[in-house]
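To start, the structure under review is shown below, and the notes come after it.
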Amino acid sequence: MRIGHGYDVHKFAQGRRLVLCGEEIPHERGLLGHSDADVAVHALMDALLGAMALGDIGQLFPDTDERYKDADSMRLLGVVIALMKEHGYVLCNCDITIIAETPKLRGYIENMRKNLAVAFGCGIDRVSVKATTEEGLGLAGEGIGAHAVVLLEERIQKLSKKL
Ligand code: MG
């Protein structure tokens, strides 16, 4: 078993889309970033890379690289999932907490879970997405933050190869 944690924050900006776990959410402001700024998927990718001890998304998808300008973070997640499979890991479960004062996310959580389950090719019961506020005390009023924790399991094929 390998555990990983990821954390990310993006600032609100006018004239940007708000995309969380691949779900576009109607809001007066979106998140600033080189890619589509899907902060929840960024935290998730860092958790996956952390579990595999393969660095972070800044190394894998540098924000100085024009290829990743306005990139769909779900597509980048696909690259990380492919890497995970290449290294012989399967997802046990992931748990994401999105920290946002606004907008209210409850109505979008199920679609977010579905989007991620499709990306992993796993059951929705392995994917948890939660939303919370910081009661106006944290940074999240000016943007959105996300934590992600993942548990990966090494496939038996890889274990037997090692023996
Ligand atoms: Mg980010």
Side-chain angles (χ1 to χ4, degrees), residues 1-10 17-27 30-31 33-63 65 67-100 103-132 140 143-162:
M1 297 286 199
R2 307 282 298 236
I3 196 165
H5 172 257
Y7 172 62
D8 196 19
V9 175
H10 280 258
R17 297 184 309 142
L18 177 59
V19 183
L20 294 170
C21 297
E23 197 63 21
E24 187 159 348
I25 294 156
H27 194 50
L31 294 174
H34 186 66
S35 67
D36 64 3
D38 188 332
V39 65
V41 169
H42 292 185
L44 176 60
M45 289 192 284
D46 262 351
L48 292 166
L49 292 169
M52 298 186 283
L54 287 177
D56 59 43
I57 54 169
Q59 287 167 249
L60 204 57
F61 311 115
D63 62 8
D65 191 330
R67 277 182 302 168
Y68 304 121
K69 178 132 179 55
D70 297 320
D72 175 355
S73 295
M74 288 298 286
R75 196 175 56 79
L76 304 183
L77 176 63
V79 174
V80 175
I81 291 171
L83 205 56
M84 191 184 106
K85 289 178 179 166
E86 255 172 54
H87 282 76
Y89 293 105
V90 289
L91 179 78
C92 291
N93 72 307
C94 66
D95 185 18
I96 299 172
T97 302
I98 302 171
I99 307 154
K104 288 286 168 226
L105 298 175
R106 188 178 299 169
Y108 303 97
I109 296 286
E110 282 311 295
N111 279 348
M112 292 183 194
R113 294 178 65 208
K114 276 182 209 157
N115 294 344
L116 297 179
V118 166
F120 281 108
C122 73
I124 197 167
D125 60 321
R126 291 181 185 270
V127 179
S128 164
V129 179
K130 312 190 299 294
T132 187
I144 294 182
H147 288 273
V149 176
V150 301
L151 188 67
L152 305 184
E153 188 176 10
E154 277 186 288
R155 281 185 180 152
I156 291 161
Q157 294 94 295
K158 191 185 174 190
L159 289 176
S160 58
K161 223 187 275 172
K162 271 186 192 167

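Excluded from the calculations below are hydrogen atoms, water molecules and symmetry mates; all remaining heavy atoms, backbone and side chain alike, are included.
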Partners passing side-chain hydrogen bond (donor to acceptor under 3.5 Å, both in side chains) against Arg75 (at least two apart in sequence or in another chain): none

Does the pair Tyr89 and Arg155 meet the rule for a side-chain contact (heavy atoms from CB on, under 4.5 Å), with working shown? CA-CA 6 Å; Tyr89 293 105; Arg155 281 185 180 152; over 6 Å; no

Looking at CE of Met1 and CD of Glu154, how far apart are the two atoms once the value is rounded to the nearest 0.5 Å? 10.5 Å

Derivation of the side-chain contact (heavy atoms from CB on, under 4.5 Å) call for Asp36 and Glu24: CA-CA 10 Å; Asp36 64 3; Glu24 187 159 348; over 6 Å; no

Any side-chain to backbone donor/acceptor pair from His34 onto Asp65? Under 3.5 Å, distance only. yes

So do the side chains of Val129 and Leu20 get within less than 4.5 Å of each other, counting heavy atoms only? no

How far apart are the closest heavy atoms of Tyr7 and His147, and which atoms are they? CD1-CE1, 3.2 Å

Look up atom CD1 in Ile124 and atom CG in Asn115, then write down how far apart they are to the nearest 0.5 Å. 9.0 Å

Closest approach of Asp56 and Gly58, non-hydrogen atoms and distance? OD1-N, 2.9 Å

Rounded to the nearest 0.5 Å, what separation is found between the NZ atom of Lys104 and the CD1 atom of Ile109? 11.5 Å

Say you draw a straight line from CZ of Phe120 to CG of Leu91; how long is it, rounded to the nearest 0.5 Å? 4.5 Å

Are any non-hydrogen side-chain atoms of Ile144 and Val9 less than 4.5 angstrom apart? no

Given side-chain contact (heavy atoms from CB on, under 4.5 Å), test Leu152 with Val90 step by step and report yes or no. CA-CA 6 Å; Leu152 305 184; Val90 289; over 6 Å; no

Enumerate donor-acceptor pairs with a distance under 3.5 Å from any side-chain N or O in residues 40-54 to protein atoms, sequence neighbours excluded.
unit_1 : atom_1 : unit_2 : atom_2 : d
His42  : ND1    : Asp8   : OD2    : 3.2
His42  : ND1    : His10  : NE2    : 3.3
His42  : NE2    : Ser35  : OG     : 3.2
His42  : NE2    : Ser73  : OG     : 3.0
Asp46  : OD1    : Ile57  : N      : 2.9

Minimal non-hydrogen separation, Ile96 against Ala148, with atom names: CG1-CB, 4.0 Å

So, the side chain of Arg113 versus the backbone of Val127: is there a donor-acceptor pair under 3.5 Å, distance only? yes

To check you understand the geometry: which heavy-atom pair defines the closest contact between Cys92 and Arg126, and what is its length? O-NH1, 2.9 Å

Met74 to Cys21 - nearest heavy-atom pair and separation: SD-C, 4.1 Å

Counting C-beta onward and ignoring hydrogens, is there a side-chain heavy-atom pair between Leu105 and Glu23 closer than 4.5 Å? no

Nearest non-hydrogen partners of Lys130 and Asp95, listed with the distance: NZ-OD1, 2.7 Å

